[in-house]
Visitor: 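If you scroll down you'll find the structure; I have some questions about it.
We name chains A, B, ... by the order of the sequence lines, and we start the count at 1 in each one. These numbers were taken from a predicted model, which means no experiment stands behind them.
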Protein chains: 2
Amino acid sequence: MTLLDLLGRRMALRVLWELSNANAPLTFRELEAAAETNPSVLNKRLKELRDTQIVEHCKEGYCLTSEGRSLVALILPLHAWSESWASKLRTER
Amino acid sequence: MTLLDLLGRRMALRVLWELSNANAPLTFRELEAAAETNPSVLNKRLKELRDTQIVEHCKEGYCLTSEGRSLVALILPLHAWSESWASKLRTER
DNA sequence: CGGGATCCCCGACGATACTG
DNA sequence: CAGTATCGTCGGGGATCCCG
């Protein structure tokens, strides 16, 4: 599985986003609510993200590993780019 | 469609990669060979990439737009990260 | 509360044949 | 050479139920 494979899947980025915005670890149910998803998908994503050591299951919930945090840092510019790109495409049509 | 949706699809990154490494525009058949894919998938990806103005159909083939080039620039660090990440995971198991 | 099991559905993929 | 049409296959998404 490639990185973009993983990140492209439903709720993968959303989970990273929610975790990076929380100052405390989030529980399974909290994540489920925050990401507005169902246990099935959330469970699959978390398993993949744990397997790849981007997220870990620490005491009292899930949080980003240091790897995960460095990845999020790289994604932010990409996210910014995609925002302006999306709005640009929208206004053109 | 979101950016990662688009980039996560088969051959999307590969096409960007091949185009960014070519110093001249590539024809449909050349891209097909370079990316080791079939016309069906290539056609779909090119259509999406053209719609979103990341790739354009210039004289004598396909090439990146300036948008496309700025996107590729942002992806490179991510790519580097994923390389070391993949090899790290591999050696750990 | 955490998370695995099941089941259905739909859309992406991929091969190939075909047309302008 | 460029691109479209067709069709079977496969895997992910999502809802829901259930057990420890």
Side-chain angles (χ1 to χ4, degrees), chain A residues 1-65 68 71 75 82 86, chain B residues 1-65 68 75 82 86 89:
Chain A
M1 194 192 343
T2 117
L3 179 68
L4 258 124
D5 221 25
L6 207 170
L7 295 184
R9 292 195 177 153
R10 211 99 208 287
M11 296 300 152
L13 281 180
R14 180 68 178 268
V15 165
L16 293 189
W17 180 253
E18 300 297 344
L19 287 182
S20 77
N21 278 0
N23 16 18
L26 295 178
T27 70
F28 191 90
R29 301 292 181 199
E30 282 169 345
L31 260 178
E32 185 184 351
E36 300 171 300
T37 184
N38 61 62
S40 167
V41 168
L42 180 59
N43 186 34
K44 286 171 191 166
R45 277 318 80 76
L46 282 177
K47 187 175 301 183
E48 293 161 3
L49 291 170
R50 263 181 292 160
D51 282 353
T52 51
Q53 303 175 24
I54 291 172
V55 159
E56 65 185 348
H57 199 178
C58 50
K59 71 287 173 201
E60 319 235 334
Y62 291 95
C63 45
L64 294 172
T65 64
L71 176 59
I75 290 174
S82 96
Chain B
M1 197 189 346
T2 115
L3 178 67
L4 259 125
D5 222 25
L6 207 170
L7 296 185
R9 293 197 175 149
R10 213 101 208 286
M11 296 300 151
L13 281 180
R14 179 70 178 267
V15 165
L16 293 189
W17 180 254
E18 299 298 342
L19 286 182
S20 76
N21 278 1
N23 16 18
L26 295 177
T27 69
F28 191 90
R29 300 293 181 201
E30 283 169 344
L31 259 178
E32 184 184 353
E36 300 171 301
T37 186
N38 61 63
S40 167
V41 168
L42 180 59
N43 186 34
K44 286 172 193 163
R45 275 319 80 77
L46 282 177
K47 190 173 297 184
E48 293 161 3
L49 291 170
R50 263 180 292 158
D51 283 353
T52 51
Q53 303 175 23
I54 290 172
V55 160
E56 64 184 348
H57 199 179
C58 50
K59 71 286 173 202
E60 319 234 334
Y62 292 94
C63 45
L64 294 173
T65 64
I75 289 174
S82 95
L89 282 186

Visitor: Take the protein atom CD of B:E32 and the nucleotide atom P of D:dG3, then report the distance between them rounded to whole Å.
Guide: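 The distance from CD of B:E32 to P of D:dG3 comes to 11 Å, rounded to the nearest Å.
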Visitor: Can you tell me if the side-chain N/O atoms of A:R45 get under 4.0 Å from OP1 or OP2 in D:dG13?
Guide: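 Result: yes.
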Visitor: Ignoring backbone atoms, establish whether B:R9 has a side-chain N or O less than 4.0 Å from OP1 or OP2 of C:dC13.
Guide: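 The answer is no; no side-chain N or O of B:R9 sits under 4.0 Å from OP1 or OP2.
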Visitor: Would you indicate which nucleotide in C:dG3, D:dG13, D:dG3 comes nearest to any side-chain atom of A:Y62?
Guide: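 Closest nucleotide among those given: C:dG3.
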Visitor: Please compare B:K44 and B:L26 by the position of their nearest nucleotide in DNA chain D and report the one closer to 5'.
Guide: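 Nearer the 5' end of the strand: B:L26.
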Visitor: Is it the case that over 12 heavy atoms from other parts of the model lie below 6.0 angstrom from the CZ atom of A:R14?
Guide: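 More than 12 heavy atoms, drawn from other residues, nucleotides or ligands, come within 6.0 Å of this atom.
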Visitor: Considering only D:dA2, D:dG14, C:dC13, which nucleotide approaches the side chain of A:S40 most closely?
Guide: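 My answer, after comparing the listed nucleotides, is D:dG14.
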Visitor: Rounded to whole Å, please give me the gap between CD in B:E48 and P in C:dG11.
Guide: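 Taking CD of B:E48 and P of C:dG11, I get 14 Å after rounding.
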Visitor: Is there a donor-acceptor contact under 3.5 Å from the side chain of B:E32 to the main chain of B:R29?
Guide: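 No; judged by distance alone, with no hydrogens or angles, the pair does not exist.
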Visitor: Decide side chain to side chain contact (heavy atoms under 4.5 Å, CB included) for A:L71 and A:I75; before the verdict, give the C-alpha distance in whole Å, the side-chain angles of both, and the deciding distance to 0.1 Å.
Guide: CA-CA 6 Å; A:L71 176 59; A:I75 290 174; 3.8 Å; yes
Visitor: Determine whether a donor-acceptor pair (N or O, by modelled atom type, separation under 3.5 Å) exists between the side chain of A:R45 and the backbone of A:R10.
Guide: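 Flag set: sc A:R45 to bb A:R10 pair under 3.5 Å.
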Visitor: Map B:M11 and A:L46 onto DNA chain C by nearest heavy atom, then report which one ends up closer to the 5' terminus.
Guide: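 Here A:L46 is the residue nearer the 5' end.
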Visitor: For D:dG14, take OP1 and OP2 only and decide whether either is under 4.0 Å from a side-chain N or O of A:N38.
Guide: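 No, A:N38 has no side-chain N/O under 4.0 Å of OP1/OP2 on D:dG14.
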Visitor: Expressed as a whole number of angstroms, how long is the span from A:R14:CZ to D:dG14:P?
Guide: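 Taking CZ of A:R14 and P of D:dG14, I get 12 Å after rounding.
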Visitor: At under 4.0 Å between heavy atoms, what does A:K47 touch on the DNA or RNA strands: base, sugar-phosphate, or nothing?
Guide: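 Touches sugar-phosphate only.
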Visitor: A:T27 near the nucleic acid: base, sugar-phosphate alone, or nothing, with a heavy-atom cut-off under 4.0 Å?
Guide: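 Sugar-phosphate: the residue A:T27, judged by heavy atoms under 4.0 Å, touches backbone atoms but no base.
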Visitor: Given C:dG4, D:dT16, D:dC1, which nucleotide is nearest the side-chain atoms of A:N43?
Guide: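 The closest nucleotide is C:dG4.
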Visitor: Is the shortest side-chain N/O distance from B:H57 to OP1 or OP2 of D:dA2 below 4.0 Å?
Guide: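 B:H57 to D:dA2 OP1/OP2: no side-chain N or O under 4.0 Å.
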Visitor: Nearest whole Å is fine: how far is D:dG12 C1' from A:L4 CG?
Guide: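 It is 17 Å, rounded to the nearest whole Å.
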Visitor: Looking only at atom types and distance, does a side-chain atom of B:T65 sit under 3.5 Å from a main-chain N or O of B:I54, one as donor and one as acceptor?
Guide: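 Indeed, once roles are kept as given, a pair shorter than 3.5 Å links the two residues.
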Visitor: In whole angstroms, how far is the P atom of D:dC1 from the CZ atom of B:R29?
Guide: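 After rounding, the gap between these two atoms is 7 Å.
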Visitor: Nearest whole angstrom, please: distance from the C1' of C:dG11 to the CG of B:D5.
Guide: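 The answer, rounded to whole Å, is 12 Å.
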